[in-house]
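The first residue of the sequence shown is numbered 1, and numbering continues consecutively from there. Just so it is clear, the model here is predicted, and its values are computed rather than measured.
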Amino acid sequence: MPETQTKEQKVTPDLLTLIKEYISTRVELTRLTVIERLTVVTANLITDSFVLIMGVLTFLFASVTLALYLGEEFGSYALGFGIVALIYFALALIMYFIKDKLVEKYLHDFMVKRIFNKKK
C-alpha cells in the first residue's frame, strides 16, 4: 500500500536550497556584525586608552606643579605635597558618597552608548 503525501508535506529541493542559503546568509551576517562591533570596541579602547594616559600624565604633572607651588608659598615642600594629598582625599570622599547615585549610572549609560551607537 503506497503512502500518499499531500502537497504541504512535500519539500522540494529548491526550498531546501533556499533554506540552506538563508541560514548561511544569517550566519555570515551575524559573523560580520560581531566583527564590526569588535573593531569599533577595539578602536575605541585604543584611542580612549591613549587619551586616558595623556590625561593621567597631565593630571600628575599638574599635581606636582601645584604641590611645588604651594610648598614654595608656605616655605615647606612637604606641606605643599600634604595639602595636595588632602585635596585628593577630600575629592575621593566626595566621589565615594555620590558614586552610587550619580556617577555609576552615567558611566553605565555612556559605555552602552559607546558600544552600540558608534558606527561610521
Side-chain angles (χ1 to χ4, degrees):
M1 191 174 201
E3 290 185 33
T4 59
Q5 293 182 342
T6 64
K7 226 176 187 181
E8 291 91 22
Q9 291 174 335
K10 291 183 181 178
V11 178
T12 64
D14 290 338
L15 182 59
L16 283 176
T17 304
L18 287 174
I19 291 173
K20 287 177 184 177
E21 287 177 9
Y22 175 77
I23 291 172
S24 174
T25 304
R26 291 296 297 180
V27 168
E28 183 67 14
L29 177 64
T30 303
R31 187 180 76 81
L32 292 174
T33 303
V34 168
I35 289 171
E36 180 190 19
R37 295 270 186 222
L38 285 174
T39 56
V40 167
V41 169
T42 303
N44 284 337
L45 185 64
I46 291 169
T47 56
D48 291 347
S49 296
F50 179 77
V51 170
L52 180 66
I53 289 169
M54 292 300 113
V56 167
L57 287 174
T58 302
F59 183 74
L60 176 68
F61 285 115
S63 297
V64 170
T65 302
L66 177 63
L68 289 173
Y69 173 75
L70 290 175
E72 195 171 295
E73 288 295 316
F74 290 112
S76 169
Y77 289 123
L79 182 60
F81 279 91
I83 291 170
V84 171
L86 286 176
I87 291 170
Y88 293 143
F89 181 70
L91 290 173
L93 283 176
I94 291 169
M95 181 63 74
Y96 176 77
F97 288 113
I98 68 168
K99 71 178 176 99
D100 291 333
K101 294 179 183 176
L102 300 175
V103 178
E104 288 178 353
K105 177 183 180 280
Y106 292 115
L107 282 177
H108 181 265
D109 291 344
F110 174 76
M111 293 305 295
V112 168
K113 286 179 185 176
R114 291 285 293 201
I115 292 171
F116 291 108
N117 293 334
K118 190 77 174 190
K119 289 186 180 180
K120 290 186 178 183

OG1-CG distance between Thr33 and Leu38, expressed to the nearest 0.5 angstrom: 11.0 Å
Pairwise distance CG(Leu93) to CD1(Ile98) - rounded to 0.5 angstrom: 11.5 Å
Heavy-atom side-chain contact between Arg26 and Leu29 under 4.5 Å: yes
Path from Leu107 to Ile94 over hydrophobic side-chain contacts below 4.5 Å: yes
Inter-residue atom distance Asp48.CG - Ile53.CD1, 0.5 Å rounding: 11.0 Å
Any side-chain heavy-atom pair of Tyr22 and Ile19 under 4.5 Å: no
Gap separating the OG1 atom of Thr25 from the CD atom of Glu28, nearest 0.5 angstrom: 8.5 Å
Side-chain heavy-atom pair Glu21, Leu18 within 4.5 angstrom cut-off: yes
Leu91 and Met95, any side-chain heavy atoms less than 4.5 Å apart: no
Hphob cluster co-occupancy, Phe59 + Met54, side-chain heavy atoms under 4.5 angstrom: no
With a cut-off of 3.5 Å and sequence neighbours excluded, list every side-chain donor-acceptor pair involving residues 65-80.
from  : atom 1 : to    : atom 2 : distance (Å)
Thr65 : OG1    : Phe61 : O      : 2.7
Ser76 : OG     : Leu79 : N      : 3.3

Pairwise side-chain contact, Val27 with Arg31, heavy-atom cut-off 4.5 Å (strictly under): no
Thr47 side chain near Val51 side chain, heavy-atom distance below 4.5 Å: no
Test applied, side-chain contact (heavy atoms from CB on, under 4.5 Å); reference residue, Thr42; option that passes from Ile46, Asn44, Val40: Ile46
